[in-house]
Amino acid sequence: MEALGRHILVEFLLCDPDVLNDVPRIENAMVDAAVKANATVISSDFHHFSPWGVSGVVIIQESHLAIHTWPEYQYAAADLFTCGDDVDPWLAFDSLKEALDSKTYSVLEMHRGPINLLKRIPYNAEGYRPIAFERMQDIVAKRNIWFTDKDENIALSIRSSGKLLYDKTSRYQRTRVFQSYGLGKVLTIDNMIMCAEEDEAHYHEMIAHPAIFSHGSVERALVIGGGDGGTVREILRHDGVKSVDMVEIDANVVEASKLHLPGLSCAFDDPRLNLRIEDGVAFVGKAAAESYDLVIIDGSDPVGPAKGLFSVDFYKNCQRVLKPDGILVVQGESPTFNREVFVELNHMLGDIFGCQRVHTLLFNTAAYPTGLWSFHIASKSDRDVKRNDENLVDSFVRRHQLKYYNAAVHGAAFVLPNYVENMLKEGARLQRLSKK
Ligand code: SPD
């Protein structure tokens with residue numbers, strides 16, 4: 001039958017679920033399929049589908065290829081629609097089948113616009129042809145691939161250039177570095193964003209300097225996690241610091257940073273740094289009592305290997321290894337994105353250190369969902385962590401050309417909006433009730 005276009009509807013079954021949940025990989029497979037079918041790619045738009053999977057479309061000059069994937073069912077639904085005799089959608093089908101590693105499939109082919117049912121009218125766009133041809137010369141395929149960090153309800157997407165610079169999976173997790181358009185190179189662990197070149201200073205300056213300046217004489221520090229190197233870079237800016245033990249569980253994170261994030265990994269060669277690749281929870285369990293002025297927990301979210309970083313026993317050990325006037329800083333999650341963990345961490349530390357000695361600071365970041373993140377700071381003595389020596393801070397900020405932290409930001413970061421104050425108080429009330 002003669003027709004204007006061919007439309008292939010495919011059920012790809014028993015596919016590789018990891019491929020089906022990988023936005024850049026699916027986008028590449030679809031663009032590749034279009035090229036193999038001899039189509040001209042105009043643009044592509046691919047996103048994470050909630051809660052898992054990928055959804056996207058490749059616009060081709062000869063129509064479109066679209067896909068939705070369900071990794072949890074090892075299933076993908078694709079529709080491959082092409083017009084004209086020069087493009088063969090079956091070549092796209094073959095290419096996709098292989099890329100998705102689909103063990104079985106079913107296909108329905110429809111001929112769209114059957115010529116014998118249509119009546120051609122004397123429509124003449126000849127005058128437009130030269131203009132259209134000229135415009136076509138400027139078309140450069142536009143690719144939209146988004147890395148999305150999300151829970152069931154809230155997400156943050158960063159547009160990727162499609163260039164994956166690092167991708168390794170250890171026994172703990174998958175570490176990737178990709179090139180983004182808006183925030184430089186981005187480091188991810190599993191499906192979470194860890195840091196982005198253009199924005200990481202907010203996080204790393206605020207995890208280190210408020211605690212160090214309020215302590216006043218940090219000499220020995222311990223960092224758990226922080227494999228990208230940003231936290232130790234900030235600590236080692238302080239001349240008074242004599243040694244830093246850094247314990248990262250996954251060598252891949254350190255390797256990815258050394259290879260692709262020179263701005264973060266630049267302090268790895270500092271002779272004061274003792275980098276160990278091992279389990280931070282076990283390390284703190286064995287470390288000598290009262291041996292550190294500062295302990296920083298720079299972990300990822302409470303899933304996978306970072307889970308142990310969110311337990312009472314772990315924080316009791318952190319308190320034990322601190323000197324009597326030592327300070328603990330904990331990656332505190334977001335009051336909106338991870339409300340429960342945010343409150344729970346604050347209270348857990350309050351139970352161990354005493355709630356008057358635990359303070360929460362907030363800072364903004366473009367790289368994490370909701371844009372607002374926190375650190376909880378627990379002091380082993382009665383110091384006012386909000387105070388700092390303005391002159392000292394100012395000259396340090398000038399000397400190191402800091403991007404985010406300064407003396408005023410130090411104080412302001414501890415000022416909490418009412419909803420956050422109330423969230424922490426309400427959580428404390430519920431905790432008291434549950435203990436009765
Ligand atoms: N949701 C991301 C929480 C980030 C935790 N750590 C990032 C590591 C940066 N050094």
Side-chain angles (χ1 to χ4, degrees), residues 7 10 12 15-16 18-71 76-83 87 89 92-93 95-96 99-100 135-167 174 176-188 190-199 260 365-371:
H7 202 160
V10 199
F12 284 117
C15 304
D16 179 335
D18 289 337
V19 174
L20 295 186
N21 200 34
D22 191 325
V23 181
R25 211 150 151 189
I26 294 288
E27 194 265 356
N28 264 313
M30 291 287 282
V31 169
D32 221 39
V35 172
K36 292 213 175 101
N38 201 28
T40 305
V41 176
I42 307 281
S43 70
S44 67
D45 216 320
F46 280 76
H47 298 260
H48 247 293
F49 196 50
S50 199
W52 301 287
V54 175
S55 193
V57 60
V58 178
I59 308 288
I60 52 177
Q61 206 174 307
E62 303 82 1
S63 199
H64 71 268
L65 312 184
I67 193 164
H68 299 280
T69 74
W70 281 262
D79 69 287
L80 318 171
F81 186 21
T82 65
C83 302
V87 184
F93 163 78
S95 167
L96 264 181
L100 305 182
R135 285 194 188 149
M136 280 306 297
Q137 305 314 303
D138 297 334
I139 289 183
V140 179
K142 181 170 166 266
R143 303 175 78 168
N144 275 326
I145 312 164
W146 297 85
F147 184 95
T148 302
D149 185 334
K150 63 184 175 60
D151 66 9
E152 310 286 90
N153 305 311
I154 299 176
L156 173 96
S157 289
I158 295 182
R159 189 170 164 225
S160 154
S161 72
K163 203 164 169 196
L164 194 54
L165 302 164
Y166 186 94
D167 186 1
R174 181 176 184 192
R176 281 177 283 182
V177 177
F178 70 85
Q179 182 67 51
S180 78
Y181 280 106
L183 293 172
K185 288 180 214 144
V186 177
L187 172 74
T188 66
D190 293 334
N191 286 320
M192 297 166 292
I193 296 161
M194 289 297 114
C195 52
E197 274 181 319
E198 299 290 316
D199 177 80
H260 300 290
T365 167
Y368 301 156
T370 73

Under 3.5 Å, which donor-acceptor pairs do the side chains of residues 157-165 form with other protein atoms, sequence neighbours left out?
from : atom 1 : to   : atom 2 : distance (Å)
S157 : OG     : T148 : OG1    : 2.7
R159 : NE     : R143 : O      : 3.4
R159 : NE     : N144 : OD1    : 2.6
R159 : NH2    : R143 : O      : 2.8
R159 : NH2    : N144 : OD1    : 3.4
S160 : OG     : G162 : N      : 2.8
S161 : OG     : K163 : N      : 3.2
S161 : OG     : Q179 : O      : 3.4

N/O donor-acceptor pair under 3.5 Å between [X] side chain and [Y] backbone:
{"X": "D45", "Y": "V57", "value": "no"}
{"X": "S180", "Y": "L183", "value": "yes"}
{"X": "K150", "Y": "L156", "value": "no"}
{"X": "D16", "Y": "D18", "value": "yes"}

Please give me the minimum heavy-atom distance between [X] and [Y], naming the atom from each residue.
{"X": "Y166", "Y": "H260", "result": "CB-CD2, 3.8 Å"}
{"X": "D149", "Y": "I193", "result": "OD2-N, 2.9 Å"}
{"X": "C83", "Y": "S63", "result": "SG-CB, 4.2 Å"}
{"X": "I60", "Y": "A34", "result": "CG2-CB, 3.8 Å"}
{"X": "H68", "Y": "F49", "result": "ND1-CE1, 4.1 Å"}
{"X": "A99", "Y": "V19", "result": "O-CG1, 3.7 Å"}

Passing candidate, side chain to side chain contact (heavy atoms under 4.5 Å, CB included) with S43, options V58, V31, I59: I59
In terms of relative ring orientation, are F81 and H7 parallel, tilted or perpendicular, with 30° and 60° separating the classes?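 Correct class here is parallel.
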In Å and rounded to the nearest 0.5 Å, what is the [atom1] to [atom2] distance from [X] to [Y]?
{"X": "T82", "Y": "Q61", "atom1": "OG1", "atom2": "CD", "value": "13.0 Å"}
{"X": "N28", "Y": "I145", "atom1": "CG", "atom2": "CD1", "value": "6.0 Å"}
{"X": "D32", "Y": "S95", "atom1": "CG", "atom2": "OG", "value": "5.0 Å"}
{"X": "I42", "Y": "T40", "atom1": "CD1", "atom2": "OG1", "value": "7.0 Å"}
{"X": "L100", "Y": "F12", "atom1": "CG", "atom2": "CZ", "value": "5.5 Å"}

Determine, step by step, whether W52 and T69 satisfy the side-chain contact (heavy atoms from CB on, under 4.5 Å) criterion, reporting the C-alpha distance in whole Å, the side-chain angles of both residues, the deciding distance to 0.1 Å, and the verdict. CA-CA 8 Å; W52 301 287; T69 74; over 6 Å; no
Output every pair passing ring-ring contact (aromatic ring centres under 6.0 Å, His included) with a member in residues 144-165, not counting sequence neighbours, ordered by first then second residue. H47-W146, F147-F178
Quick check on W70: does its CH2 atom have over 12 non-hydrogen neighbours (other residues, nucleotides or ligands) under 6.0 Å away?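 Result for CH2/W70: enclosed.
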Donor-acceptor side-chain pairing of D79 and H64 below 3.5 angstrom: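 There is such a pair (donor and acceptor under 3.5 Å, judged by atom type) between the side chains of D79 and H64.
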Flag for S44-E27: side-chain donor and acceptor within less than 3.5 Å: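 Distance-only check passes for E27 and S44.
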Dump the intermediate steps for side-chain contact (heavy atoms from CB on, under 4.5 Å) on V186 and V177, then the final yes or no. CA-CA 5 Å; V186 177; V177 177; over 6 Å; no
Check the pair L96, L80 against side-chain contact (heavy atoms from CB on, under 4.5 Å), reporting the backbone distance first and the verdict last. CA-CA 10 Å; L96 264 181; L80 318 171; 4.0 Å; yes
D22: salt bridge (charged side-chain N to carboxylate O under 4.0 Å, His left out) partners, not counting sequence neighbours: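 In terms of salt bridge (charged side-chain N to carboxylate O under 4.0 Å, His left out), with neighbours along the sequence ignored, D22 is linked to R174, R176.
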